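Below, each value reflects all heavy atoms present in this structure, side chains not excepted, and no hydrogens, waters or symmetry copies. Quick caveat: nothing in here was measured; it's all calculated off a predicted structure. Within every chain, numbering begins at 1; the chains are lettered A, B, ... in the order of the sequence lines, protein sequences first and strands thereafter.
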Amino acid sequence: MGERIKVFIEGKEIEVEKGTPLGEVLKRAGIRDALGGKLGDEILDLQTPVREGGELKPVFKGDPESLEILRHSLAHIMAQALKEIYGTRKVHLGVGPTTEEGFYYDVEVEGHRITEEDLPKIEEKMREIIRRDYPILRREISREEAIKLFEDLKEKYKIEIINRIPQDEVISVYEQGDFVDLCKGPHLPSTGQAGAFKLMSVSGAYWMGRADQPQLTRIYGIAFWEEEELKERLRLHEEAKRRDHRRLGRELEFFLIDEEVGPGLVIWLPRGAVYRRVLEDYWKEEHIKRGYQLVYTPHVGRSKLWERSGHTEYYKENMFPEMEMEGEGYYVKPMNCPFHIAIYKSRVRSYRELPMKIAELGTVYRYEMSGVLHGLMRVRGFTQDDAHIICTPDQVEGVIKETLEFAVSMLKDFGFNEFKVYLSTRPEHAIGTNEQWERSQSALREAIEDLGLEYEIDEGGGAFYGPKIDVKIRDALGRLWQCSTIQFDFNLPERFDMTYVGPDNKKHRPYMIHRAILGSIERFTGVLLEHYGGLLPLWLSPTQVRVLPIAERHVSYAKKVFSELERAGFRVEMDEREERLGAKIREAELMKIPYLAIVGDREVETETVSVRGKREGNLGSMRVEELIEFLRGKVERKE
RNA sequence: GCUGGCGUAGCUCAGUAGGCAGAGCGCGGGAUUUGUAAUCCCGUGGUCGCGGGUUCAAGUCCCGCCGCCAGCUCCA
């Protein structure tokens with residue numbers, strides 16, 4: 001009799017011998033149609049021996065966890081297809097994990113470069129393997145056996161993986177037909193049960209993610225149980241493409257990135273600049289309301305400054321190279337903090353003036369590797385909505401709470417309502433005292449909990465100089481984007497010898513916090529454009545209303561409408577070209593102008609305008625004052 | 001930066017196997033006076049990313065560089 005363990009399934013307690021396959025365990029609990037089970041964080045398939053007791057959740061086809069099983073098996077089916085096409089010993093498999101929407105496999109094919117053109121052929125072979133309906137069998141083998149097996153198969157990468165598996169861990173392989181792969185599972189019982197999939201793309205990926213290692217070909221696929229779900233996902237991909245901010249930025253005349261000007265350097269076109277001005281005005285007002293002091297600082301600073309701040313030591317690879325003038329070195333700023341510190345230090349500070357909140361829409365320049373640049377999302381020059389808060393130790397809790405609240409409320413104003421917060425705590429090598437770390441970390445955690453936000457802790461993921469929280473927002477397509485960050489800094493106050501005079505008339509070291517809410521204006525704009533598909537909320541729209549006279553005889557009345565709207569504070573345009581109404585409307589629609597005020601004989605006659613909303617369509621006739629009220633309401637509610 | 005793909009008119013794209021650079025939209029001019037997503041006609045527009053090479057001949061083939069795209073890596 002072996003060791004016995006207890007598992008709990010749907011409230012039932014089942015005692016089995018350690019190592020009983022999961023399928024057997026489930027059978028004893030009276031569950032027959034499951035695909036696997038979840039024990040702790042691990043998803044096991046039916047063949048996996050259960051070696052630990054605990055709560056066991058059966059996983060059925062259709063459960064989110066079941067996709068993991070499906071996708072794992074599809075990765076193997078793809079690998080098998082590759083081997084059948086290019087030769088078993090010519091294909092060297094790397095790793096083949098599942099992703100959020102499918103799977104990929106990193107492979108090296110000797111003597112052939114896989115391109116997207118190969119994908120249909122591979123897909124076809126995969127379908128064939130699925131039709132053959134091979135049973136997928138799990139086998140646990142010894143380390144020696146495993147090494148011999150994969151050496152025979154010329155699977156050099158698998159050997160490396162085996163050598164990294166801890167000595168006490170079981171090594172398992174899965175077989176289907178004459179294909180065998182090192183894998184801990186989970187898998188479907190047979191290839192015939194694989195669902196709907198599509199191979200999407202091919203790209204390079206370093207072995208082990210390290211640039212000094214060989215580069216393999218990564219083949220991506222997406223997979224779902226049902227054809228319908230797959231189609232829906234492909235539709236989302238199309239939608240994302242349609243909403244690509246780079247396309248919208250050009251079409252709506254928001255911004256330009258010009259090769260001659262330089263990669264990663266954004267030029268804001270007049271329409272984009274109007275939007276940006278509105279956004280920045282709003283941002284400034286909100287900061288002033290909350291007691292921030294707005295400042296402006298230079299774009300370059302002496303090398304000595306960056307040496308003192310530590311940037312030349314820790315951040316140099318992200319900085320534009322040093323320039324020299326009158327024998328003195330200068331750097332273009334990658335951050336605003338040293339300047340804000342200079343402001344703080346411009347005179348002696350009393351505890352009475354803390355917390356001091358210094359804010360700036362500060363444009364910084366960072367060297368980013370050419371391959372990572374991407375529209376507005378990843379650039380080399382950008383404007384941070386930056387602020388530094390300097391406070392006494394016992395103000396920390398209040399300051400953090402207020403800051404997080406501020407961030408969330410601002411993001412909500414832009415129409416984002418779903419947030420995910422990440423708390424990064426002390427890493428192994430860190431500066432600062434235990435007291436500083438604990439106080440800061442608990443202030444961060446409390447603030448998140450007080451606001452009832454969903455969060456995750458990234459244990460040890462903080463910077464060496466302090467813990468932080470990052471806020472990510474979820475967009476209309478379900479994607480997460482990092483925006484806000486609240487970061488403690490125990491380093492700079494020391495380096496710059498920042499002090500304040502306390503009630504005891506002695507000098508003390510303040511706490512300092514870096515924070516950004518939108519992150520960068522450029523990136524945030526990219527996110528906004530994609531979130532709204534270019535149709536920004538009325539308050540942010542560069543043009544809010546366009547007046548369309550139908551014929552020339554309506555122009556003078558249209559001008560009256562135009563100036564009334566303008567006087568009411570709206571951003572208005574008029575299209576008085578000799579064009580058909582349909583054409584004027586079409587162009588306005590393409591420019592995503594939120595409201596059109598159309599005037600023809602009827603409107604002149606009745607002193608009204610015919611209103612057409614981009615979202616709502618024809619809204620019928622109303623008096624100009626009514627339109628103004630209607631638009632005002634929308635602007636005020638930030639709709 | 002690395003791997004792969006791409007780079008033709010302002011935009012979207014065609015250009016077979018080297019053999020006189022094309023279309024639609026845009027833009028300019030004219031006609032049309034127009035009712036909820038494209039009026040018609042005429043015209044304009046290109047160092048084919050840049051630089052070399054092969055060839056009688058290069059948008060097309062080869063090499064180098066630049067940029068873009070998908071990833072790797074990194075991040076606001």
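Applying a 4.0 Å cut-off to non-hydrogen atoms, the residues of residues 512-537 of chain A that approach RNA chain B are A/G519, A/S520, A/R523, listed by residue number. Listed by residue number, the members of residues 331-340 of chain A with any heavy atom below 4.0 angstrom from RNA chain B form an empty set. Within a heavy-atom distance below 4.0 Å of RNA chain B, no residue of residues 403-419 of chain A is found.
An OP1 or OP2 oxygen of B/C68 is reached within less than 4.0 angstrom by no side-chain nitrogen or oxygen of A/R246. Side-chain N/O atoms of A/R380 include none lying less than 4.0 angstrom from OP1 or OP2 on B/C74. Using a 4.0 Å cut-off, no side-chain N or O of A/R218 falls inside it from OP1 or OP2 of B/A70.
Using a 5.5 Å limit on the distance between ring centres and a 30° limit on the angle between planes, the aromatic ring of A/F382 counts as stacked on the six-membered base ring of B/A76.
For A/D458, the side-chain contact (heavy atoms from CB on, under 4.5 Å) criterion is met by A/S424, not counting sequence neighbours. Partners of A/E286 under the side-chain contact (heavy atoms from CB on, under 4.5 Å) rule, at least two apart in sequence or in another chain, are A/Y282, A/K289, A/R290, A/F406, A/M410. For A/L269, the side-chain contact (heavy atoms from CB on, under 4.5 Å) test picks out A/E253, A/L256, with sequence neighbours left out. Residues satisfying the side-chain contact (heavy atoms from CB on, under 4.5 Å) criterion with A/R615, sequence neighbours excluded, are A/Y532, A/L535. In this structure A/E405 satisfies the salt bridge (charged side-chain N to carboxylate O under 4.0 Å, His left out) test with no other residue, sequence neighbours excluded.
Across the interface with RNA chain B, nearest-nucleotide mapping of A/N618 and A/S370 shows A/S370 to be the residue nearer the 5′ end.
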query = Base, backbone or nothing for each nucleotide of nucleotides 8-13 of chain B, written B, S, -, heavy atoms under 4.0 angstrom, 5' to 3'?
reply = ---SS-
ask   = Along nucleotides 38-52 of chain B, 5' to 3', which nucleotides get a B, which get an S, and which get a -, given that the test is a protein heavy-atom distance under 4.0 Å?
value = BB-------------
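Distance from the side chain of A/E603 is smallest for B/G35 among the nucleotides B/G35, B/U33, B/C74.
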Identify each donor-acceptor pair in which a side-chain atom of residues 257-265 of chain A lies under 3.5 Å from a protein atom, sequence neighbours left out, and give them as a table.
residue	atom	partner	partner atom	Å
A/D258	OD1	A/E260	N	2.6
A/D258	OD1	A/V261	N	3.2

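The P atoms of B/G7 and B/C13 are separated by 11 Å, rounded to the nearest whole Å. Comparing the P positions of B/G10 and B/U3 gives a spacing of 32 Å, expressed to the nearest Å. Taking the C1' atoms as reference points, B/U44 lies 11 Å from B/A9, given to the whole Å. Across the P atoms, B/C68 and B/U12 are found 15 Å apart, a figure rounded to whole Å.
Helical stems involving RNA chain B, defined as 3 or more consecutive Watson-Crick or G-U pairs under 3.5 Å, span B:1-7 with B:66-72, B:10-13 with B:22-25, B:26-31 with B:39-44, B:49-53 with B:61-65.
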